[in-house]
Amino acid sequence: MADPTDKMENIINLCKRRGFVFPSSDIYGGFNGFFDYGPLGVELKNNIKQAWWQDFVHRRDDIVGLDSSIIHHPTTWKASGHIENFTDPLVDCKESKMRYRADQLFFAPVRVAGETIGYISVLEDETMSAKAEEMANEMKRKLAKQGALEPLTLKDYTEAKPEEHALIPSPATGKPGSLTPPRSFNMMFQTYVGAMQDASATAYLRPETAQGIFINFKNVVDTGRVKLPFGIAQIGKAFRNEINPRNFIFRSREFEQMEIEYFIAPSADWQTAHQGWIEGCLAWFESIGIPRAKLSLYPHPTEKLAHYSKGTTDIMFEFPFGVQELQGVAARGDFDLTQHSDVSGTKLDWFDEAAKARFIPHVIEPSVGVDRVFLALLTTAYHEDEVEGEKRIVLRLPARVAPFKAAVFPLLKNKPALVERAEALYRRLKKRLNVFYDESGNIGRRYRRQDEIGTPFGITIDFDTIEKDAGVTVRNRDTLEQVRMTEDEVVRFLDEQVNG
Ligand code: ATP
């Protein structure tokens with residue numbers, strides 16, 4: 001379990017075996033960058049989205065929801081800058097036909113005693129420095145060079161000088177000469193709308209949900225429910241033709257985002273608002289079971305920000321394959337509303353009654369991927385331990401997000417009185433919550449089947465339940481403690497555990 005690759009393998013296996021996540025189009029051999037969520041996965045995913053919506057929309061007074069279409073008027077993407085700038089640098093290996101993102105392909109000249117003896121290349125990951133060191137030593141040994149190896153300086157391929165392109169080996173073949181110079185690759189998926197298949201009919205699958213919010217700003221303001229500062233929240237699919245989808249559902253080509261555009265007055269202190277959102281998002285992650293210790297902040301260096309951006313901080317999570325972005329919290333100024341106002345000719349502004357002034361609000365944008373939250377929860381929850389001398393896999397998912405909130409078991413399946421009582425409780429609970437019923441196999445095995453899919457409570461109907469009216473036992477997945485309670489108490493107990 002110590003090896004992070006094993007942990008990811010174990011989680012991917014569990015996801016397939018128990019019906020959380022399948023490779024898309026499995027019967028046709030899968031389709032790279034796409035995934036299907038199975039019967040348990042769709043529950044976990046819906047619970048994440050529901051918790052987010054409850055906490056950021058229903059439980060607040062200043063945020064309203066939206067569900068815009070996935071395909072917008074194509075001019076949207078011209079105004080937003082996506083047609084020109086939503087690109088990744090792509091590099092091809094002409095020999096192997098492999099494609100890489102140039103900013104994920106690292107290289108270094110190998111220098112021994114002042115002489116460059118060749119180049120090495122590695123793909124970005126946690127171990128790339130160690131791998132590069134090993135390759136450089138290997139090259140020195142093969143070429144029988146004497147003297148000290150100089151420390152390697154790894155740079156990404158976008159920083160390579162034109163004369164270096166032919167010298168850097170392809171990660172696929174290990175030999176130089178086959179890598180192309182980097183070129184810009186637009187990540188938006190194109191489609192045609194209507195019967196014509198020409199440039200006039202080109203449209204795009206949205207690469208983010210955010211623009212749907214900006215282009216509806218006026219509609220939402222005109223319906224009159226909001227007062228500045230306020231936010232518009234949206235959950236929905238986004239599509240990016242990622243060059244290199246990887247790390248399971250972490251980077252895929254079709255995923256789901258939960259985004260808020262939070263509008264503030266231009267005179268408001270954006271730094272305080274930005275910081276408030278960062279802290280609010282950290283607190284939310286903790287509340288759904290992602291520990292603070294695995295989260296960290298990455299403020300983007302000012303020189304790498306887009307010209308309009310005032311500041312962006314990523315909330316990073318310690319995934320088994322490294323510390324990676326879970327959420328971005330960006331302060332985007334008035335860029336988006338100004339662009340859409342200018343290009344559409346429709347004023348997207350706010351009239352401040354008190355100051356009798358019109359202005360374009362500024363915006364703070366917390367944006368998070370549902371699939372990445374799903375993966376962060378699974379990697380946090382996944383444990384292997386031992387119960388009664390047997391190895392068990394357990395997902396320690398909090399009750400609020402767990403696919404099933406409880407499982408109901410009659411102690412024995414061949415005793416009709418036990419079965420009847422268990423089924424009655426199951427039906428009663430099922431009206432309120434997603435619960436599971438299982439009567440097959442010994443009770444220990446039934447517990448373990450539920451532990452593996454994260455069901456927090458096991459409710460057993462035994463002879464004391466029916467003969468002495470002594471209530472049912474409720475077993476806690478994590479502490480293994482068993483307490484007796486009446487069926488009425490179980491209903492209240494589960495409601496509290498799930499809804500707080
Ligand atoms: P990255 O640097 O990882 O490509 P990004 O900075 O391009 O991400 P944003 O455009 O800020 O990402 O998107 C907001 C959020 O959407 C990300 O924090 C992430 O949770 C999610 N997201 C972005 N791209 C993907 C993807 N290809 N697969 C899954 N989730 C994604």
Side-chain angles (χ1 to χ4, degrees), residues 11 13-22 36-52 54 287-290 370 373-385 387 392-411 413 418-419 421-462 472-483 485 487-500:
I11 288 172
N13 287 341
L14 175 72
C15 280
K16 172 120 204 238
R17 183 158 46 80
R18 297 305 309 267
F20 281 92
V21 182
F22 308 121
D36 295 341
Y37 286 77
L40 295 182
V42 67
E43 297 297 335
L44 175 54
K45 206 176 181 209
N46 282 344
N47 292 342
I48 294 168
K49 291 190 277 183
Q50 200 189 1
W52 187 88
Q54 260 175 349
S287 79
I288 60 157
I290 299 176
V370 181
V373 175
F374 187 107
L375 189 57
L377 276 170
L378 275 190
T379 62
T380 303
Y382 185 95
H383 288 90
E384 291 176 9
D385 63 8
V387 172
R392 78 164 176 167
I393 292 174
V394 55
L395 284 187
R396 300 192 202 283
L397 290 171
R400 191 175 184 199
V401 292
F404 292 116
K405 311 307 179 189
V408 181
F409 314 121
L411 185 63
K413 82 167 179 188
L418 291 177
V419 170
R421 186 79 169 250
E423 274 184 358
L425 179 59
Y426 167 67
R427 293 275 159 225
R428 183 174 169 194
L429 291 173
K430 212 169 161 59
K431 282 192 193 147
R432 296 167 171 81
L433 299 165
N434 197 30
V435 293
F436 189 76
Y437 177 80
D438 189 5
E439 56 180 26
S440 63
N442 73 45
I443 196 78
R445 277 198 46 211
R446 280 184 264 167
Y447 282 149
R448 271 185 290 288
R449 281 204 291 265
Q450 293 305 311
D451 292 343
E452 199 178 52
I453 58 170
T455 309
F457 303 103
I459 302 165
T460 305
I461 283 72
D462 59 18
V472 299
T473 65
V474 178
R475 170 201 183 254
N476 181 307
R477 173 198 68 203
D478 299 334
T479 62
L480 303 176
E481 219 179 2
Q482 303 203 15
V483 291
M485 37 179 115
E487 280 129 303
D488 286 346
E489 282 167 341
V490 169
V491 175
R492 275 199 302 277
F493 171 78
L494 287 181
D495 179 63
E496 264 164 36
Q497 294 295 317
V498 175
N499 298 315

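Aromatic ring pairs are classed by plane angle as parallel below 30°, tilted from 30° to 60° and perpendicular above 60°; the pair Phe409 and Tyr447 is perpendicular.
The structure places CD of Glu439 at 11.5 Å from CD1 of Ile461, a figure rounded to the nearest 0.5 Å. Annotation: the span from Arg17 atom CZ to Ile453 atom CD1 amounts to 11.0 Å, rounded to 0.5 Å. Rounding to the nearest 0.5 Å places CG of Asn476 at 7.5 Å from CG of Leu480. Rounding to the nearest 0.5 Å gives a distance of 9.0 Å between CG of Asp451 and CG of Leu395. One distance of note links CG of Asn442 with CZ of Arg445; it measures 6.5 Å at 0.5 Å rounding. From Arg396, atom CZ reaches atom CG of Asp385 across 5.5 Å, with rounding to the nearest 0.5 Å.
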Do Leu14 and Glu452 pass the side chain to side chain contact (heavy atoms under 4.5 Å, CB included) test, and can you show the C-alpha distance, the side-chain angles, and the key distance before you say yes or no?
CA-CA 8 Å; Leu14 175 72; Glu452 199 178 52; 3.4 Å; yes
Check against side chain to side chain contact (heavy atoms under 4.5 Å, CB included), Phe493 and Val491
CA-CA 6 Å; Phe493 171 78; Val491 175; over 6 Å; no
Residue pair Asn47, Lys405: steps toward the side chain to side chain contact (heavy atoms under 4.5 Å, CB included) verdict
CA-CA 11 Å; Asn47 292 342; Lys405 311 307 179 189; 3.3 Å; yes
Please evaluate residues Val474 and Gln482 with respect to the criterion side chain to side chain contact (heavy atoms under 4.5 Å, CB included), reporting the C-alpha separation (whole Å), side-chain torsions for both, the decisive distance (0.1 Å), and the verdict.
CA-CA 5 Å; Val474 178; Gln482 303 203 15; over 6 Å; no
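A donor atom on one side chain and an acceptor atom on the other are not found under 3.5 Å apart for Arg492 and Gln497.
Atom NZ of Lys430 sits in a crowded spot, with more than 12 heavy atoms from other residues, nucleotides or ligands closer than 6.0 Å.
Listed here is the closest heavy atom pair of Arg432 and Arg428: NH1-O, 3.2 Å. Between Gly41 and Phe374, the shortest heavy-atom distance links the atoms O-CE1, 3.4 Å. Closest approach of Gly289 to Pro398, counting heavy atoms only: CA-CG, 3.7 Å. The two atoms that bring Ala406 and Ile459 nearest to each other are CB-CD1, 3.8 Å, heavy atoms only. Ala381 approaches Leu397 most closely through the heavy-atom pair CB-CD2, 3.7 Å. Nearest heavy-atom pair, Ile288 versus Leu377, reported as atom, atom and distance to 0.1 Å: O-CD2, 3.3 Å.
Remark: side-chain polar atoms of Arg18 are not paired, donor with acceptor, to backbone N or O of Leu40 under 3.5 angstrom. Although no hydrogens or angles enter the test, the distance criterion places a donor-acceptor pair under 3.5 Å between the side chain of Asn434 and the main chain of Pro403. Judged by distance alone, the side chain of Thr479 and the main-chain N or O of Glu481 form a donor-acceptor pair under 3.5 Å.
Within the 4.5 Å cutoff, the side chain of Gln450 has heavy atoms near those of the Phe436 side chain. Residues Thr460 and Val472 have side chains not in contact (no heavy-atom distance under 4.5 Å, counting atoms from C-beta outward). Gln50 places none of its side-chain heavy atoms less than 4.5 Å from the side chain of Arg400. Using a 4.5 Å heavy-atom cutoff, the side chains of Arg477 and Phe457 are not in contact. Between Val483 and Thr473 the shortest side-chain heavy-atom distance does not fall below 4.5 Å.
Within the cation-pi definition used here (under 6.0 Å to the ring centroid, within 45° of the axis), Lys45 qualifies as a partner of Tyr37.
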